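Below: one structure, written as structure tokens.
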Amino acid sequence: MLILGILVPLTAIPSDIVMALLGRTVTKSINENSRARLIMAWISGLLLMAIAVNLHLQFI
């Protein structure tokens, strides 16, 4: 258990760093591109509406 307790952070920390750097790069490119921002706004709005419809249909 001690070995597993040591291995998990050793593998998680590098992957978290890589994801943070990739996230920063993606965010920067989306913020600079107005068309990408518009597409992301539409996609997020449609996903939220789909979630709302799904929840509504579950409680009927």
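Just so you know, these numbers use all the heavy atoms, side chains as well, and skip hydrogens, waters and symmetry mates. Because the structure is predicted, anything quoted here is derived from the model rather than measured.
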Using atom types as modelled, flag every donor-acceptor pair under 3.5 Å from a side chain in residues 39-60 to any protein atom, sequence neighbours excluded.
unit_1 : atom_1 : unit_2 : atom_2 : d
Ser44  : OG     : Met40  : O      : 3.0
Ser44  : OG     : Ala41  : O      : 3.0

Name all residues meeting the side-chain contact (heavy atoms from CB on, under 4.5 Å) criterion together with [X]; count only those two or more places apart in sequence or in a different chain, and write none if there are none.
X: Ile3; value: Leu7
X: Leu22; value: Val18, Met19
X: Leu4; value: none

Please report the shortest heavy-atom distance between Pro9 and Pro14, naming the atom on each side.
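Minimum heavy-atom separation between Pro9 and Pro14: O-CD, 4.3 Å.
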With a cutoff of under 4.5 Å between side-chain heavy atoms, which Ile, Leu, Val, Met, Phe, Trp and Tyr residues group with Val8?
none
Can you list, by chain and residue number, the hydrophobic cluster partners of Leu10 when the side-chain cut-off is 4.5 Å?
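Traced through the cluster, Leu10 reaches Leu2, Ile6.
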Side-chain donor or acceptor of Ser15 paired with backbone N/O of Ala12 under 3.5 Å:
yes
Separation of Arg35 CZ from Ile30 CD1 (nearest 0.5 Å):
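One finds 14.0 Å between CD1 of Ile30 and CZ of Arg35.
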